[in-house]
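The structure displayed is predicted, hence computed values, not measured ones.
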Amino acid sequence: MTVSPHSSGGAVRGRVRVRRGTSRSSPRPYRGAARTPWIYLAPALVVLGGLLVYPVYQLGLISFLEYTQAQVSGGEATTFRGFGNYAELFGDGEFWRVLLATVVFAAACVVSTLAVGCALAVLLTRVRAVPRLVLMLAALGAWATPAVTGSTVWLLLFDPDFGPVNRMLGLGDHSWTYGRYSAFLLVLLEVVWCSFPFVMVTVYAGIKAVPGEVLEAAALDGASQWRIWRSVLAPMLRPILVVVTIQSVIWDFKVFTQIYVMTNGGGIAGQNLVLNVYAYQKAFASSQYSLGSAIGVVMLLILLAVTLVYLRLLRRQGEEL
């Protein structure tokens, strides 16, 4: 809008004053706004620093030292070995065998846990209130059971002399923990039993957040339940599936209690060893604390690498987490 030359100067000045007032009223962040979140997070960061950062630092430090029972008791001085512990570890064929067994076992546990958890989450949306409540309580009971207790119960169920499973299957006195693969299978079943509730509850909450109109439209188009899950639910639940997958990878890769209890410390001649039990044997059974720490560092780096690669692949696909 143009201003006539015959207009009064006061009107123009008033209009200018209004515009300046409007610009001044726009909100501006004060200088301490960027520091406010860190102030609230400071107590949690201090706790995490004491419980996580410092132990990881000590773990890495011991992995570069000559630290055995002689050094712990003070009989010999602690010496710096550099990467000598890692060279010794990587030169041991047993380490690579245990690493391969750990990766395969963890992958099988993750896939089985996700399959069972997602299937039961979909089932929860199809059943009535009472069966849903019963299934939720049973799953949460399995989730709340301590690992030692759950492992002992599963051993009793599959006991060759008194276990009901062998009687039901007609296997007689078959020992599930004697063979390598049957022992791994037994531990896998127990791990899935105590892990699927987390996946089930999380995915079920995500499914309930999906608009019902979307699922109804897919059903009206003639899509099967599997097609609805694969083409509708899974893409919409991908951020949730990322979280439960990463959590499952971390939990199953560092399984210790189930293997140690159910295979009596790693099975016959160490046939059921995984990295966590292998590190325990090196550190405490053999008093080679530096080698046990090196195995722990390797496990930490592997888990970080897997998590970062997985997140990077999702970011390339344009997924927002």
Side-chain angles (χ1 to χ4, degrees), residues 44-68 71 78-114 147 184 187-188 191 195 198 241-260 266 270 272-317 319 321:
L45 293 177
V46 171
V47 174
L48 287 177
L51 298 179
L52 181 63
V53 177
Y54 182 72
V56 171
Y57 162 75
Q58 287 291 335
L59 183 73
L61 178 62
I62 294 176
S63 69
F64 290 104
L65 303 175
E66 178 68 29
Y67 199 70
T68 62
Q71 283 76 27
T78 303
T79 58
F80 182 75
R81 292 196 63 188
F83 290 97
N85 292 318
Y86 294 95
E88 181 180 349
L89 185 66
F90 295 151
D92 187 1
E94 185 180 13
F95 166 76
W96 295 106
R97 180 182 65 82
V98 174
L99 176 61
L100 177 61
T102 304
V103 172
V104 175
F105 175 74
C109 289
V110 171
V111 173
S112 302
T113 302
L114 291 178
F184 269 129
V187 177
L188 182 145
V191 170
S195 302
F198 170 75
L241 294 177
V242 169
V243 173
V244 297
T245 300
I246 293 177
Q247 290 281 4
S248 299
V249 169
I250 294 174
W251 290 341
D252 296 338
F253 191 81
K254 60 184 186 67
V255 166
F256 173 83
T257 304
Q258 291 87 345
I259 289 286
Y260 193 83
N272 296 114
L273 283 175
V274 292
L275 280 180
N276 231 352
V277 180
Y278 185 59
Y280 176 83
Q281 288 189 353
K282 287 292 184 182
F284 298 101
S286 303
S287 298
Q288 296 176 324
Y289 303 105
S290 52
L291 284 179
S293 299
I295 297 173
V297 172
V298 171
M299 291 180 59
L300 176 63
L301 294 178
I302 291 175
L303 290 175
L304 286 177
V306 170
T307 303
L308 293 177
V309 169
Y310 194 40
L311 293 177
R312 187 177 182 86
L313 290 176
L314 291 174
R315 290 294 178 88
R316 285 183 179 179
Q317 296 175 2
E319 296 293 337
L321 301 178

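Leu89 places a side-chain heavy atom less than 4.5 Å from the side chain of Val298. Inter-residue side-chain proximity for Val103 and Phe253 is flagged as met; some heavy-atom pair is nearer than 4.5 Å. Inter-residue side-chain proximity for Ile302 and Met299 is flagged as unmet; no heavy-atom pair is nearer than 4.5 Å. A 4.5 Å side-chain heavy-atom check between Asp92 and Lys282 finds at least one atom pair inside the cut-off. Looking at Thr307 and Val249, their side chains never come closer than 4.5 Å, going by heavy atoms from C-beta outward. Between Leu188 and Ser112, some side-chain heavy-atom pair lies under the 4.5 Å cut-off.
Minimum heavy-atom separation, Arg97 to Gly270: NH2-O, 3.4 Å. Of all non-hydrogen atoms in Ile62 and Ser290, the two that sit nearest each other are O-CB, 3.5 Å. Contact detail for Gly50 and Pro55: the closest heavy-atom pair is O-CD, 3.6 Å. In this structure, Asn276 and Lys254 approach most closely via the heavy-atom pair ND2-O, 2.6 Å. Nearest heavy atom pair, residue Thr245 against residue Leu241, reads OG1-O, 2.6 Å. Residues Cys109 and Val191 share a closest heavy-atom pair of SG-CG1, 4.1 Å.
Rounding to the nearest 0.5 Å places CG of Leu99 at 12.5 Å from CD of Glu94. With rounding to the nearest 0.5 Å, the separation of CZ in Phe80 from CG in Leu61 is 8.5 Å. Taking CG of Leu303 as the start and CD1 of Ile246 as the end, the distance is 11.0 Å to the nearest 0.5 Å.
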Apply side chain to side chain donor-acceptor pair (under 3.5 Å) to the pair Ser63 and Tyr86, showing each step before the final yes or no. CA-CA 8 Å; Ser63 69; Tyr86 294 95; 2.8 Å; yes
Using the side-chain contact (heavy atoms from CB on, under 4.5 Å) rule, take Asn272 and Val187 through it: C-alpha gap first, then chi angles, then the decisive distance, then the call. CA-CA 10 Å; Asn272 296 114; Val187 177; over 6 Å; no
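Classified by interplanar angle (parallel below 30°, tilted 30° to 60°, perpendicular above 60°), the ring pair Phe105/Phe184 is tilted. Ring geometry for Phe95 versus Tyr278: interplanar angle of 30 to 60°, hence tilted. Aromatic ring orientation, Phe64 versus Phe83: perpendicular (interplanar angle above 60°, classes split at 30° and 60°).
Under the side chain to side chain contact (heavy atoms under 4.5 Å, CB included) criterion, Ser286 pairs with Gln288, not counting sequence neighbours.
Within 6.0 Å of CZ on Phe90 lie more than 12 heavy atoms contributed by other residues, nucleotides or ligands.
The backbone N or O of Leu65 lies less than 3.5 Å from a partner atom in the side chain of Asn85, making a donor-acceptor pair.
Between Phe256 and the choices Val277, Val274, Leu275, the side-chain contact (heavy atoms from CB on, under 4.5 Å) rule is met once, by Val277.
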